[in-house]
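As a basis for the values below, the full set of heavy atoms in this structure was taken, side chains included, without hydrogen atoms, waters or symmetry mates.
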Amino acid sequence: MTADPKLGPVGQRITMKLTQDFEPAALQVIDESHHHAGHSGSRDDGESHFRVVIVAEAFRGKSRVEQHRMINAALADELKERVHALAIQSSAP
């Protein structure tokens, strides 16, 4: 799975990490930063607010909370350094 070429370097790194960690059947990483311009946590250069839609076998039998914890752990560096908000829609195939 390749990163959307419209994504910046942070969005591409999110795509790469989620692909490597979960081998998803489907993955969308959407930069929603432009919707939050001027709000708390927004950055002038964008890439601060993302939505992830992911379908992966790794989530089978896991609760939504467990799935989100797995994703947050995989993206810990991005969440610590750059990403202010991450909306997650996760499921098993």
Side-chain angles (χ1 to χ4, degrees):
M1 203 163 289
T2 59
D4 183 337
K6 293 177 277 189
L7 289 173
V10 177
Q12 291 183 13
R13 193 165 65 233
I14 289 170
T15 300
M16 182 182 62
K17 284 187 171 188
L18 294 176
T19 299
Q20 288 175 350
D21 288 5
F22 301 110
E23 299 178 0
L27 174 63
Q28 270 189 294
V29 177
I30 304 154
D31 185 351
E32 297 184 337
S33 301
H34 61 284
H35 294 301
H36 303 276
H39 297 172
S40 175
S42 70
R43 297 174 59 106
D44 290 338
D45 56 352
E47 291 203 286
S48 58
H49 294 69
F50 287 90
R51 176 171 304 276
V52 169
V53 181
I54 183 170
V55 179
E57 189 61 40
F59 302 139
R60 187 168 306 283
K62 306 270 194 285
S63 71
R64 181 177 301 152
V65 171
E66 290 171 313
Q67 293 173 20
H68 289 203
R69 285 180 180 157
M70 292 167 68
I71 293 165
N72 285 331
L75 301 177
D77 290 340
E78 288 71 24
L79 293 168
K80 180 178 166 186
E81 298 169 4
R82 175 71 189 222
V83 176
H84 175 72
L86 180 66
I88 300 170
Q89 293 172 256
S90 58
S91 63

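Atom CG of residue Leu86 and atom CD1 of residue Ile14 lie 6.5 Å apart, to the nearest 0.5 angstrom. Residue Gln89 holds its CD atom at 9.5 Å from CZ of Arg64, rounded to the nearest 0.5 Å. With rounding to the nearest 0.5 angstrom, the CD atom of Gln12 is 8.0 Å from the CD atom of Glu47. Remark: Thr15 OG1 to Gln28 CD distance equals 10.0 Å, nearest 0.5 Å. In this structure, CZ on Arg13 lies 6.5 Å from CD on Glu81, to the nearest 0.5 angstrom.
Here the side chains of Ser91 and Val55 are in contact, with some heavy-atom distance below 4.5 Å. Between Met70 and Phe22 the shortest side-chain heavy-atom distance falls below 4.5 Å. Considering only heavy atoms from C-beta on, Ile71 stays 4.5 Å or farther from Asp21 through its side chain.
Contact record, Pro24 with Ala56: CA-CB, 4.0 Å, taken as the closest heavy-atom pair. Taking both residues in full, the closest heavy atoms of Val29 and Gly11 are given as CG1-O, 4.0 Å, listed atom of the first, atom of the second, then distance. Here the shortest heavy-atom pairing between Gln67 and Lys62 reads NE2-O, 3.1 Å.
No donor-acceptor pair under 3.5 Å is formed between the side chain of Arg51 and the backbone N or O of Glu32. Using modelled atom types, no side-chain atom of Ser48 and backbone atom of Ser33 make a donor-acceptor pair closer than 3.5 Å. Between the side chain of Glu57 and the backbone N or O of Pro93, no donor-acceptor pair lies under 3.5 Å.
Taking a cutoff of 4.0 Å between a charged side-chain nitrogen and a carboxylate oxygen, Arg69 and Glu66 do not qualify as a salt bridge.
The same ILVMFWY cluster, assembled from side-chain heavy atoms under 4.5 Å apart, contains both Leu7 and Leu75. If you chain together hydrophobic residues whose side chains sit under 4.5 Å apart, Ile30 and Leu79 never meet in one group.
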Applying side-chain contact (heavy atoms from CB on, under 4.5 Å) to Asn72 and Ile88, what does each step give before you reach the verdict?
CA-CA 9 Å; Asn72 285 331; Ile88 300 170; 3.9 Å; yes
Output, in order, the C-alpha distance, side-chain angles, deciding distance and verdict of side-chain contact (heavy atoms from CB on, under 4.5 Å) for Leu27 and Val52. CA-CA 7 Å; Leu27 174 63; Val52 169; 4.0 Å; yes
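Residues forming a side chain to side chain contact (heavy atoms under 4.5 Å, CB included) with Ala76 (at least two apart in sequence, or on another chain): none.
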